[in-house]
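Reading through the C-alpha cells given below for one structure.
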Amino acid sequence: MANGKVALRLRGLRKAYGDVVAVDGVDLDASAGECFALLGPNGAGKTTTIEICEGLLAPDAGTVELLGIDWSSGARRLRQRLGVQLQETQLADKLTVEETLRLFRSFYERGPAVADVVAMVQLEEKARARVGQLSGGQKQRLAIACALVGDPDLLFLDEPTTGLDPQARRQMWQLIEQFKRDGRTIILTTHYMDEAERLSDHVAIMDHGKIISLGTPRELIASIGADHVVEFATGGAALDSAIFESLKGVSRARADNGGFQLQVTELHLAVPALLDELDGRGIALTELRTHSATLEDVFVTLTGRHLRED
C-alpha cells in the first residue's frame, strides 16, 4: 500500500521536437508503494515522459524528482535504486540467460542472487539457453528480470506483458503485485485496460502531451456518469447516434466501429427503450452486448479512440 511519501514528482514538464510539443506542462505525483499507470494513445507523449523520468532524455523545462532525488545532482544514486524495463530491449544473442543477468547484476551494489531472479520470472528451464534461442515472450521476461537484479525501489515497466501468453501474463501480474506489497513503487505503461484496472492504484490518461484525467480506476470509471455500456449494431442502417441520447437511462451515445455505443445509468430502462425505438423505426438488431463500465470506456470517452488503435 502507498505510504504517503512521494516516489515520483513531475512539475511543469515540457519537451518539444521542433514545432511538435510531445510533453506540454505535465504535473504528476506517484506515491511510494503504489502502482501508477500512465495511459495514452500513440503519440500522446507518455513514452517521452517516461524516458525523461528514466534519465534517458533531458526535458526542455520543468523538474523531475524520483525518491526525493533529481537527475542533475544524484544520477549515480538514482541508477542504483531504479529498475527499467524498456518497451524494446536489445540483448546480446550469444549470451545465456544467466550470463546476461550476471552482467546486469554487476552494475549494482546490491540485489538478489541471479538464480532467484531467474525463478521470479519463471525462466529456470532456459537459464543456460542463449538469448537468441528464446521466444519473444521469454525475451520479455528476461528484460523484466534485468530490471529486477538491482533490487530497485522504483520500477519502470513499459508494456511489460506484451508478447506473453495468458498464463505468463497473469504470473507477471502476481510478480508486480508482490513487488508492490514489498513497499516498492511501479510506474506502468500498458495497452491492456484490464491490466491497468487490476494493478494500478492511480491512473493518469495522457493525450496531446497533457494529462487529461487522473484518479483511481474506480474514480475514473465513475467520472463518465454511467454504470454500464450497451454496444449494438443494426446491419448498416443509417442512423444518427443523437436519437439514442434521449432514451430512458442513457447518458451518452456515439457511433463506434460501424455500430453504436450507449453509456447508461439504468440498464433495465435503457435496453427496453432501445428495443422499442428500433422496433418503431422498423430496424432489426444484428448485435447486442452489455458490460459494466471499464477504464476502456473512460479512455474512449476522453480521447474518442480505443487505446490499441494506431
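The nearest pair of heavy atoms linking Ala226 to Ala293 is O-CB, 3.5 Å.
A salt bridge (Lys or Arg N to Asp or Glu O under 4.0 Å) check over residues 62-74, counting only residues at least two apart or in different chains, returns the pairs Arg9-Glu65. Legend: salt bridge (Lys or Arg N to Asp or Glu O under 4.0 Å) pairs involving residues 286-295, not counting sequence neighbours, sorted by first then second residue: Glu231-Arg289, Glu287-Arg289. Applying the ring pair (Phe, Tyr, Trp, His ring centres under 6.0 Å) test to pairs two or more places apart or on separate chains, those with a residue in residues 89-145 are Phe104-Phe107. The stretch residues 105-121 participates, sequence neighbours left out, in these salt bridge (Lys or Arg N to Asp or Glu O under 4.0 Å) pairs: Arg76-Glu109, Arg110-Asp151, Arg110-Asp153. Applying the ring pair (Phe, Tyr, Trp, His ring centres under 6.0 Å) test to residues at least two apart or on different chains, none of the pairs has a partner in residues 32-87.
By the side-chain contact (heavy atoms from CB on, under 4.5 Å) test, Arg77 is found to be paired with Ile69, residues two or more places apart in sequence or in another chain being considered. Legend: residues meeting side-chain contact (heavy atoms from CB on, under 4.5 Å) with Leu269, ordered by chain and number and at least two apart, are Lys248, Glu266. By the salt bridge (Lys or Arg N to Asp or Glu O under 4.0 Å) test, Glu125 pairs with no residue at all, sequence neighbours left out. In this structure Glu177 satisfies the salt bridge (Lys or Arg N to Asp or Glu O under 4.0 Å) test together with Arg198, sequence neighbours excluded. Applying the side-chain contact (heavy atoms from CB on, under 4.5 Å) test to Gln133 and every residue at least two apart in sequence or in another chain returns Ala129, Arg130.
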**Request:** Please report the C-alpha distance between Asp227 and Val264 in whole Å, then the side-chain angles of each, then the deciding distance to 0.1 Å, and finally whether the side chain to side chain contact (heavy atoms under 4.5 Å, CB included) criterion is met.
**Result:** CA-CA 6 Å; Asp227 298 321; Val264 307; over 6 Å; no

What side-chain donor-acceptor pairs closer than 3.5 Å can you find for residues 17-25, not counting sequence neighbours?
unit_1, atom_1, unit_2, atom_2, d
Asp24, OD2, Lys210, NZ, 3.1

Under 3.5 Å, side-chain donor or acceptor atoms of residues 271-283 against the rest of the protein: list the pairs with distances, not counting sequence neighbours.
unit_1, atom_1, unit_2, atom_2, d
Glu277, OE2, Arg281, NE, 2.7
Glu277, OE2, Arg281, NH2, 3.2

